[in-house]
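Report on one structure; see the data block that follows.
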Amino acid sequence: MPKTSEAQELYFKKLENEFLKCRDIANKARAQGYDPALQSEVPSATDLAERVEVLMGVEGLAVHIRFCEEKMSREEASLQVAADIAAGLVGKFDKKVDAIQCAIRTAVAVLTEGVVAAPLEGISQVSLGKNDDGTDYIKVYFAGPIRSAGGTAEALAVLAADYVRRKVGLAPYKPRDIEVERYVEEIMLYKSIASLQYTPTDDEIRLIVRNCPICIDGEPTEQEEVQGYRNLERIETNRVRGGIALVIAEGIILKAPKVKKHVDKLKFDGWEFLDKIIAGSKPAASEGSKEDEKKIKPKDKFLADLIAGRPVFGHPSRPGGFRLRYGRSRNTGFATAGIHPASMIIMDDFIATGTQLKVERPGKAAAMVPVDSLEGPTVKLFNGDVVYVDDVKSAIAIRNDITEILDNGEIILNYGDFLENNHTFVPSPYVEEWWSQDLALKTAEKVEIKTAKDAFEISEKYDVPLHPEYTYMWHDITTEDVVYLSKYISKNGRIEEGQLILPLEPRSKRILELLLIIQKVRDEKVIIPPDYTYTLTRCLGLDTDLSVKDKSPYDSLDAHPWNAVSTLSGVTVMERAPARIGARMGRPEKSKLREMKPPVHVLFPVGDAGGTRRSLLDASSYSKSLSDKIGEIEVEMGKRRCPDCGAITIKNICDCGAHTVPYYGCPDCKIEGLKTETCPRCGKPTTSNVMQKVNIKALYAKALKDLGERENFDILKGVQGLISKEKTPEPLEKGILRAKHDVYVFKDGTIRYDLSDVPITHFIPREVGLTVEKVKGLGYDKDIYGEPITSPEQVIELRVQDIILSHDCSSYLIKVCAFIDDLLEKFYHLPAYYNVSSEDDLIGQLVIGLAPHTSAGVLGRILGFTNASAGYAHPFFHAAKRRNCDGDEDCVMMLLDGLINFSLSYLPDRRGGKMDAPLVLSMRIDPKEIDKESHNIDVMARYPREFYLATRDFKSPKDVEKIIDLVSKRLGTPAQYEGFMFTHGTSDIAAGPANSAYKTLGTMEDKLKAQLELGRRLRAVDEKDVAERVINSHFLPDLIGNLRAFSTQQMRCVKCGAKFRRPPLTGTCPKCKGGRIILTVHEGAVTKYMEVSLSIAREYGVPKYTIQRLELLELSIQSLFQNDKSKQMGLADFM
Amino acid sequence: MHDMDIVKVLANKGYILEPDALDMLKGSRDPDELIGRLLSGLDPSAFIISGKDVARIAIKPAATGIAGTPPDIRILKDITNNSTCIGDYDEFVGYFRNRFSILGDMMRNRISSRPIESILKKKGMRSASSSEKNEISIIGIVSDHRVTANGHRLIEVEDQTGSISVLIMKDSDICDMPVLLDEVIGVTGVPASDGGLFIASSIIYPDVPYTNVARHSDEPAVAALISDVHVGSDTFLEDNWLSFLDWINGDSVSDQDADLVSRLKYIVVAGDLVDGIGIYPGQDKELHILDIYDQYKKTAEYFDQIPKHISVVISPGNHDAVRQAEPQPALPEEIRSMFRNDNITFVGNPAAVEIEGVRFLIYHGRSIDDMVSNLPGASYSYPEKVMVELLKRRHLSPIYGGRVMIAPESKDHFVIDPLPDVIHSGHVHTVGICRYRGVLLANSGTWQGQTEFQKRMNIQPDPARIPLVDLKSGEVSVIKFGE
């Protein structure tokens, strides 16, 4: 069976053709020699194998990987390929160690789909060490970026190293006792500095280090040094090595069962210690997945590290918080949850599309999107009215009249996220989609419910539970309350025109509020509308005249109030919201152009001549002294040599027209023109970098003239110095044009725009600004039901590489396109390509999507634009970048910009420098070769009844996997791309506020005030706890940290920016001879949260311990910033 | 006095002696005086005199003898109420200039130094005259320190005129001399021919003169050194602490200690009276008393049990309720007023105090953390070795920017000047005592058991041990409480 349908294939072909067009243009531009290389430096790859080959730079690797993958699983293939490289079957290496290093890296690359930078950056080095018995062992140096590989790949990297070790016949690592203890101390220290998902016990660490046949080593990643086990002979550093902590704790221990599986298969000895780890600690299984008692256990982990200004929307599982609803909307799933847009507004606009929420379950966090088919919030107004809000307009109208938010409304979470997190189900509420399946079991008839009366009649006729719409939150009150309310209404109530009128009385009023019954309060009377009156009286066992139906109805009622109500009403009443999801705000949504700090137009060094703004214009009028030439500055740049005429220059193109190449030498031995990496005489690394005199003024004038541009921009910013290996500058012309179009460059030469990731599987042309013709022009011809497209309101399934961007993004990309067109015409003398003047013109253009920590871009096509400040794309597109949508963000760049302007030569020459760069471009998304998390997305139109029953039994998601339609079941067939469905619709993917209040509120104090004020109004939130948490997790650490920083601070020269560990005795800057030096930490930074902390601490009555801590800090601050002699001068001193 | 004489004397007064009481009386230096005191203090209704009675009444110093003399405590140097810092840049500069000038002056009589600027000016001069080949000296404060690719050491030193790189060749005699950041050293050597570099042949520290002789008290009074009581912590060793209080009250004192106790006249506390609050994350889980004021109230109760004739000097530490930045002032009035004994003197940290003519420098010892991280071979098990290194540098906390937080006061209070006779520290919870060129260095351990943090760091504390200093002889003995 083919993997794609014809239509799908056509789509891919279309993208490829467009891509090839762009690549041709880029290569034509590049061929002119103005850039560091003569062709585009973003190679394309069609599959995983090719991406790995490009990343590793080993020819023939792709063929070998494909060969291995055919016969075995990804994980086995990775080990096999590694062994083959080490054995010399693939690739050529000078030294055995190099082969081993490449083998281990390749294994990790295959495991991580050839997307992340971990294989290159996370494994910094492999070398050999000597055991005390004289044998050699393998040391693998892990660095910080290994984190991006994830636990499994981290652990399997070690296994691959061992596999390779056996093949090449090296000894296992035999650690010394002091080395073992060093690991214990170091990992614990790392844990206290950075975060670890799992904290291993000392014995677990000892067990692993003693037994692991590979020496897990690492580069120092932290500034802190170990105190106990220092200066060990075989460990090069006393600083903390983050890599070892990650690999041991998050890799080997957490993934022990997975590693064990492979060890068994390969029949390795020496890994028996895994059994002890598996038996000893089951960190993953013990938490969250086991809820034996069939009770919802509130989890408060999501509240940890609460930050000022980011509100809590519900304490763990507390009534009034978001009510769980199972399902998937077309814009949820894949770690994204939806709420009603009215809820977003009622939460004082703190939640917008793309805002991250830390949630109680099933995962840690989720991005938020509007889904208006859900239920909205219920609020109490100052006048006592209780109002249900389910449209944005009325939400805005009443937002200032709210005294209490009784209920946050629903939150939609999909089956797939529970499966992905292996989180036991919590009970589903009784919802319409379940009820209708209950009814279908009883009758095939179509029924219609218009009134409460209809609902009761149907329940009685077919013996099905009461329809959810008429089911109240009985579980939030007690059976006693039920009886009280029933008696109270019977005794004091009267019915007028179907409305129930009750004298205002606190207890009954509160019970009605907790049930979420709509009501008005007028003249000390509570008025309940007719439909609610009917349902309420029935549920309380009252007749239409409010008399008690039975003789002794209140005897022997069930303690569960909903059962009591079932008895009283004679129909089954189900639990309406058994599970509430606690939540707080995580990071705000993002939609912003990427700037470096400070922003840069061109990667061209100006040194100190550009001032703090790094201005090229300032630099071109700079002169060091009166005798020096104006505009001549001294900066470090790479030397290049012309192969034709032998001229030495800094430019990529020689005046004679030939393309130049870097010119290496040894500055110590004064040898030039070396081709080796190290100097043959002294052995030091060779370099092409030298301090050179550059006449910026002349260069700048020539660039302007060549372009035919005038200086019609305010500022042109360069960089202070280049940080790439060969220190290759960009052509100045690119900067001039960027400044002209007001766009900024990133460290790799590209222009980027960042957006929060949100998923979408189906779109409505109207909401993304498309007409029917436009949609058809993009290759869409049918809607979700297979009907031809005739209206912009139809729901259409999204192609996997089409993306929807924010309007702010479009206005930036329009400028980017104008820049590229200018660049093509004026610099490369090629025809303009984009010719974009409006948003509409951008539709259909190709972009590169690229996530941080990764090195592989994904080809995307702009489908349309939205009001939301986020980037909507198919979950597969996000998964291809190895992102999910739990609040992650990444960037897009125009394809031609990437192809023409990206260069490896600009990348920083340091650890992690190759991250976040398009080292390779994936042309086509193959669902099999993207992040496996995306395979757990459910694509059904309705969850089956068995699913709902399973949730009530607290079953594991795996138990019902067979009855759910998942992406994983469609892999390898055309259905992997098409025919997805969703359970809940939404009319606008950008409804609700465009930006979170967190972003629109100005000062931290305003944000904090708003956060606490919202907490005060939310029934599900304990604002005192919020205040305490904010103080403890944000303000106190800030105060303590800054106080410490103040008293150990560095100093800085305002003139040249030089930093000093302590002030020089001369007082002024010795580097620039006399520059004024200032503190880097000021009193203001130390004290900024002091007052506000104390005031909220007192106002909200936080525990004494916290108040005392604050008071002690206040004392410290006073003592540090107040002179004893002067502060004692009071009025009395003058009398 | 013979055994029988003693028995007789007391029998005449109507008392019978138990054997241990007899042993104690005859073992004392002046049995007559002791008997007199015993008789005047005994309850007339008593009949049998036990050893306990002797200890309680007679040995417990009464208003006579050494312990009866009025206390003699003079504060020489203390930041309390003298803090002028308001946290601006000039103060930081002034602070280091003060350090440089005092420590530099200490070395000026040993080497004749030149301003660094004068060496730099020679740079670039083609042919140095023959005199330039001669060794010259500079005095500077260390601003950077690293090892070159070839294994030589490169030290950046600066004075108020400029800064120069000092090269210590890896095969020279001084290549193993530890040099710390921000300490003031004197360097002798030759400037390299191309200038900007100075090749060192010797390095000197301000150090203590060989001729230094410790002062002594005329009276054989004894001072007990304690620190790191950590009242309020759940690992505070209350039982041991109470036996210490019993001991100074003369209860359950063994014979060999009786004399010491009788002469005990001073207790010096080098910080960390209480465990404090919020000193490290999650501390509330390891606290027995959560309220900081309650911690001090409890401490005051303990200190009230110290006999009135013993004078106490209390200096704060990093767990106490004063500013964390050093120098720390004395505990605030609010807390001082909880201590009802008027025999307590509150001082800052560090503080120089003269007791019966013997000069004490009390410093809690936060800088030992920085020293252990930066000084090869230094460890928490031997704090006295670290203190020797500090004394050589005549500075309690040379390294800036590490664990020690500083308040930029106009004077560098960490400079060890004038020379003390005793430097008393704590902080690291281990006991260590040694003498360097006449100065007694003592770290006084702790009253807290091993904490979670220490377990992880593999630090074994020496709890409930007290160094006792005989102010007349200068001798030190260590008494241990509990098991």
Side-chain angles (χ1 to χ4, degrees), chain A residues 181 184-185 188-189 192 202 224-231 238 684 1036-1037 1040 1043-1051 1060-1068 1070 1076-1079 1081-1083 1086 1103-1106 1108-1113 1115-1126 1128, chain B residues 79-90 92-97 100 140-141 143-144 149 158-163 181-182 276-278 281 284 287 290-293 321-326 328-329 332 369 372-373 376 379-380 400-408 456-459:
Chain A
E181 294 307 314
V184 176
E185 184 191 349
M188 289 304 163
L189 182 56
S192 68
D202 295 3
E224 281 79 357
E225 296 195 345
V226 291
Q227 300 296 319
Y229 298 91
R230 299 168 60 83
N231 306 327
N238 286 331
K684 280 191 200 156
L1036 272 171
I1040 294 169
L1043 202 53
R1044 156 159 286 284
F1046 180 86
S1047 285
T1048 54
Q1049 69 177 306
Q1050 298 192 339
M1051 318 283 156
F1060 302 90
R1061 203 176 44 75
R1062 65 160 163 77
L1065 289 188
T1066 46
T1068 53
R1076 192 165 67 90
I1077 296 181
I1078 55 163
L1079 301 177
V1081 185
H1082 297 269
E1083 182 181 347
V1086 180
K1104 202 160 66 176
Y1105 183 78
T1106 306
Q1108 287 187 348
R1109 286 183 70 185
L1110 287 169
E1111 286 170 350
L1112 286 183
L1113 284 168
L1115 180 84
S1116 264
I1117 286 170
Q1118 277 171 6
S1119 174
L1120 199 55
F1121 298 112
Q1122 279 181 21
N1123 186 332
D1124 284 350
K1125 310 275 178 187
S1126 57
Q1128 286 160 353
Chain B
I79 185 67
T80 311
N81 292 329
N82 290 312
S83 168
T84 55
C85 114
I86 52 166
D88 68 26
Y89 171 73
D90 290 339
F92 280 92
V93 178
Y95 168 81
F96 286 104
R97 279 187 182 162
F100 174 75
I141 181 166
S143 46
D144 194 17
E158 57 167 318
D159 62 13
Q160 291 200 32
T161 66
S163 139
L181 286 174
D182 310 314
I277 56 165
D284 46 337
L287 281 179
L290 273 174
D291 184 305
I292 181 77
Y293 298 105
V322 290
R323 76 172 179 205
Q324 292 283 296
E326 297 178 5
Q328 297 175 289
D369 290 335
V372 168
S373 322
S379 92
Y380 286 111
Y400 169 78
R403 302 276 185 87
V404 179
M405 299 187 248
I406 65 132
R456 226 177 304 124
M457 299 301 291
N458 198 23
I459 295 172

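Just so we're on the same page: letters track the sequence lines, and every chain starts at 1.
- Heavy atoms closer than 4.5 Å to chain B are found in both the backbone and the side chain of Phe1046(A).
- Only the side chain of Leu1112(A) has a heavy atom closer than 4.5 Å to any heavy atom of chain B.
- Each of Ala407(B), Ser373(B), Gly401(B) has some count of heavy-atom pairs under 4.5 Å with chain A, and the biggest count is that of Ser373(B).
- Most heavy-atom pairs under 4.5 Å with chain A, from the set Val404(B), Leu181(B), Leu287(B): that is Leu181(B).
- For the set Val372(B), Leu290(B), Val93(B), Asp291(B), the count of heavy-atom pairs under 4.5 angstrom toward chain A peaks at Asp291(B).
- Checked by atom type and distance alone, the side chain of Gln328(B) pairs as donor or acceptor with a backbone atom of Arg323(B) at under 3.5 Å.
- Heavy-atom pairs under 4.5 Å with chain B were tallied for Gln1108(A), His1082(A), Glu1111(A), Lys684(A); the largest tally goes to Gln1108(A).
- Qualifying ring-ring contact (aromatic ring centres under 6.0 Å, His included) partners for Tyr95(B), counting only residues two or more places apart in sequence or in other chains: none.
- The residue among Ile292(B), Asp182(B), Val322(B) with the most heavy atom pairs within less than 4.5 Å of chain A is Asp182(B).
- Residue contact with chain B, scored on non-hydrogen atoms closer than 4.5 Å, involves the backbone and the side chain of Pro1064(A) alike.
- Scanning all heavy atoms of the two residues, the minimum distance from Thr1066(A) to Thr161(B) falls at CG2-C, 4.3 Å.
- Nearest heavy-atom pair, Ile86(B) versus Glu1083(A), reported as atom, atom and distance to 0.1 Å: O-OE1, 4.3 Å.
- Heavy atoms closer than 4.5 Å to chain B are found in the backbone of Leu1043(A), but not in its side chain.
- Across Arg403(B), Gln160(B), Glu158(B), the residue that shares the most heavy-atom pairs under 4.5 angstrom with chain A is Glu158(B).
- Ranked by heavy-atom pairs shorter than 4.5 Å toward chain A, the options Gly94(B), Gly402(B), Ser163(B) are led by Gly402(B).
- Listed by chain and residue number, nothing satisfies the salt bridge (Lys or Arg N to Asp or Glu O under 4.0 Å) test with Asp144(B) (two or more places apart in sequence, or in another chain).
- For Phe96(B), the parts sitting under 4.5 Å from any heavy atom of chain A are the backbone and the side chain alike.
- Thr1048(A) places a side-chain N or O within donor-acceptor distance of the main-chain N or O of Arg1044(A), the cut-off being under 3.5 Å.
- Residues Asn82(B) and Asp1124(A) bring no donor and acceptor atom of their side chains to less than 3.5 Å of each other.
- The candidate with the highest count of non-hydrogen atom pairs below 4.5 Å against chain B, out of Lys1104(A), Glu225(A), Gln1049(A), Gln1050(A), is Gln1049(A).
- Nearest heavy-atom pair across Tyr400(B) and Ser1047(A) is CE1-O, 3.9 Å.
- Relative to the six-membered ring of Phe92(B), Arg1062(A) misses at least one condition, a distance below 6.0 Å or an angle of at most 45° to the axis.
- Only the side chain of Pro329(B) comes within contact range of chain A, with at least one heavy atom under 4.5 Å from a heavy atom of that chain.
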